[in-house]
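Quick notes on the structure that follows.
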Amino acid sequence: MRTYKIIACDMDETLLSNDATICQRNIEAIARATAAGIKFVPCTGRGFRSVAGILKTLQLYDKRGQYVIAFNGGSITENKNSTSLYWDAIPFALANKLYQKSVTYGMCTHIYTHDHVYIRRITPDEKAFLKGRMDYIPTEKRTLDFLKGDAVSKIIIMNTDDAILQKIHQEMRPWLADAEVSFSSNRYIEFMHKNVTKGVGLLKLAELLGVQPEETMAIGDNINDIEMLKAAGLAIGVRNLNPRIRLYCDVITNANNNEGAVAEAIDRFIFGKE
């Protein structure tokens with residue numbers, strides 16, 4: 001059996017159950033993997049600070065030699081002392097342009113900086129979805145001038161109708177030459193700096209740690225996980241995956257995100273348990 005040194009794992013709908021908690025089966029399997037010297041790396045669209053609670057649950061908070069890939073690959077942080085190893089934000093002028101165009105749709109819009117999430121026109125459905133997942137600051141600003149001098153890592157438009165998100169994507173193409181676009185959680189279109197993906201983040205971390213790409217394992221469920229799955233030596237999709245990513249997965253788990261899909265992958269491919 002091939003030895004894997006890094007497990008890059010998506011958070012929402014992969015590691016986390018639908019109620020935003022982590023099941024005990026996953027917690028125990030991750031503890032066994034890290035005790036065996038494996039790097040268990042949350043690979044998420046969120047910022048590093050917003051996963052502090054998850055790291056505490058997994059006993060990885062402030063741990064030396066454990067890492068988080070955040071902002072869809074735009075940053076890499078060592079957990080010990082929140083040490084930043086890599087950071088690729090959107091140039092401010094581009095971020096402001098993307099945000100001002102996003103505002104014209106009149107939909108719920110997120111702005112991610114290094115330390116905070118700002119949300120414009122949050123809906124009751126979005127409030128319910130984010131409960132237990134992250135903190136945010138409401139805003140009704142129509143430009144990003146209030147963040148001038150800050151680094152913007154990501155802008156998101158929320159709508160649960162995929163056809164609407166696809167239409168927005170098509171209409172915004174003239175603004176996207178220097179931006180990367182992805183989709184997540186069956187509700188978001190996300191705009192990052194060009195070439196920022198979870199796959200780039202995973203390969204960058206592997207390079208920093210002297211790990212070969214084939215020694216990495218990725219676990220995910222949705223569109224923004226595709227590049228991570230393509231980059232990894234072993235690509236695992238959880239049973240509740242978006243069908244559009246199935247062809248990028250080497251393996252689909254029998255368990256879904258509520259049943260310990262991550263633990264199933266760890267037991268099978270790290271410890272050889274069937």
Side-chain angles (χ1 to χ4, degrees), residues 8-14 41-48 50-51 68-77 84-105 107-114 117-119 144 147 150-159 162 164-208 213 216 218 220-232 235 242 244-245 247-248:
C9 186
D10 174 58
M11 296 286 95
D12 295 302
E13 294 86 48
T14 299
V41 181
C43 194
T44 178
R46 307 187 199 185
F48 174 77
S50 72
V51 300
V68 172
I69 298 170
F71 300 121
N72 277 342
S75 80
I76 299 172
T77 305
S84 179
L85 304 179
Y86 174 74
W87 174 248
D88 188 354
I90 308 173
F92 186 81
L94 174 60
N96 205 11
K97 186 163 61 172
L98 291 172
Y99 178 68
Q100 289 180 68
K101 177 61 178 175
S102 298
V103 164
T104 66
Y105 291 103
M107 298 177 191
C108 176
T109 306
H110 298 207
I111 311 147
Y112 284 68
T113 68
H114 190 276
V117 179
Y118 299 85
I119 301 183
L144 295 184
L147 292 176
D150 207 344
V152 176
S153 61
K154 187 169 68 164
I155 293 167
I156 286 178
I157 300 174
M158 188 285 288
N159 197 292
D162 183 65
I164 291 175
L165 296 182
Q166 296 299 331
K167 183 179 179 183
I168 290 171
H169 187 198
Q170 292 304 316
E171 291 178 353
M172 288 189 69
R173 284 192 182 279
W175 286 267
L176 300 178
D178 293 315
E180 194 74 35
V181 177
S182 191
F183 299 84
S184 66
S185 295
N186 301 316
R187 64 195 295 119
Y188 299 130
I189 181 169
E190 309 194 4
F191 305 98
M192 290 79 61
H193 194 203
K194 189 174 183 179
N195 297 324
V196 168
T197 70
K198 289 185 178 183
V200 169
L202 173 56
L203 292 179
K204 181 67 176 178
L205 177 61
E207 178 187 350
L208 290 171
T216 67
D221 78 286
N222 221 310
I223 304 299
N224 67 331
D225 298 319
I226 288 175
E227 297 304 319
M228 175 180 74
L229 295 168
K230 288 166 63 176
N242 184 320
R244 291 161 64 188
I245 78 163
L247 73 156
Y248 302 101

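Just so we're clear, the structure is a prediction, and the values are computed from it rather than from any experiment.
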Considering residues at least two apart in sequence or located in another chain, which fulfil the salt bridge (charged side-chain N to carboxylate O under 4.0 Å, His left out) criterion with Asp178?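 Listed in chain order: nothing, the list is empty.
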Looking at residues at least two apart in the chain, or sitting in another chain, which of them share a salt bridge (charged side-chain N to carboxylate O under 4.0 Å, His left out) with Lys230? Glu227
So, for [X] and [Y], which heavy atoms are closest and what is the spacing to 0.1 Å?
{"X": "Asp221", "Y": "Ile245", "answer": "C-CD1, 3.3 Å"}
{"X": "Asn96", "Y": "Leu144", "answer": "OD1-N, 2.8 Å"}
{"X": "Ala95", "Y": "Ile155", "answer": "O-CD1, 3.2 Å"}

Straight-line distance of [X] [atom1] to [Y] [atom2], nearest 0.5 Å:
{"X": "Gln100", "Y": "Leu98", "atom1": "CD", "atom2": "CG", "result": "10.0 Å"}
{"X": "Ile164", "Y": "Ile168", "atom1": "CD1", "atom2": "CD1", "result": "7.0 Å"}
{"X": "Ile157", "Y": "Thr109", "atom1": "CD1", "atom2": "OG1", "result": "5.5 Å"}
{"X": "Leu176", "Y": "Glu171", "atom1": "CG", "atom2": "CD", "result": "11.5 Å"}
{"X": "His110", "Y": "Ile119", "atom1": "NE2", "atom2": "CD1", "result": "3.5 Å"}

Taking side chain to side chain donor-acceptor pair (under 3.5 Å) as the test, write out the residues that go with Asp150, two or more places apart. none
Can you sort out the partners of [X] under side chain to side chain contact (heavy atoms under 4.5 Å, CB included), two or more places apart, ordered by chain and number?
{"X": "Ser153", "answer": "Phe71, Trp87, Tyr112"}
{"X": "Lys101", "answer": "Thr104, Tyr105, Met172, Trp175"}
{"X": "Ser185", "answer": "Asp12, Glu13, Phe129, Arg187, Tyr188"}

State whether the side chain of Ser50 and the backbone N or O of Gly47 hold a donor-acceptor pair below 3.5 Å, judged by distance alone.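 The answer is yes, because a donor-acceptor pair under 3.5 Å joins these two groups.
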When you measure from the side chain of Asn242 to the backbone of Arg244, do you find a donor-acceptor pair of N or O atoms at a distance under 3.5 Å? yes
Excluding sequence neighbours, so at least two apart, what forms ring-ring contact (aromatic ring centres under 6.0 Å, His included) with Phe183? His169
Considering residues at least two apart in sequence or located in another chain, which fulfil the ring-ring contact (aromatic ring centres under 6.0 Å, His included) criterion with Tyr248? none
Under 3.5 Å, sequence neighbours excluded: what are the donor-acceptor pairs made by side chains of residues 190-207?
unit_1: Glu190; atom_1: OE1; unit_2: Asn72; atom_2: ND2; d: 2.3
unit_1: Glu190; atom_1: OE1; unit_2: Lys154; atom_2: NZ; d: 3.1
unit_1: Glu190; atom_1: OE2; unit_2: Ser184; atom_2: OG; d: 2.4
unit_1: His193; atom_1: ND1; unit_2: Asp88; atom_2: OD1; d: 2.7
unit_1: His193; atom_1: ND1; unit_2: Ala89; atom_2: O; d: 3.3
unit_1: Thr197; atom_1: OG1; unit_2: Gly199; atom_2: N; d: 3.3
unit_1: Thr197; atom_1: OG1; unit_2: Val200; atom_2: N; d: 3.0
unit_1: Lys198; atom_1: NZ; unit_2: Asp10; atom_2: OD1; d: 2.9
unit_1: Lys198; atom_1: NZ; unit_2: Cys43; atom_2: O; d: 3.0
unit_1: Lys198; atom_1: NZ; unit_2: Asp225; atom_2: OD1; d: 2.7

Pairwise side-chain contact, Leu147 with Ile111, heavy-atom cut-off 4.5 Å (strictly under):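 Yes, side chains in contact.
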Do Leu85 and Leu208 come within less than 4.5 Å of each other through their side chains, counting heavy atoms only?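 Yes, side chains in contact.
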Does the side-chain contact (heavy atoms from CB on, under 4.5 Å) test come out yes or no for Ile189 and Ile156, once each step is laid out? CA-CA 6 Å; Ile189 181 169; Ile156 286 178; over 6 Å; no
Under 3.5 Å, is there a donor on one side chain and an acceptor on the other for Asp162 and Asn186? no
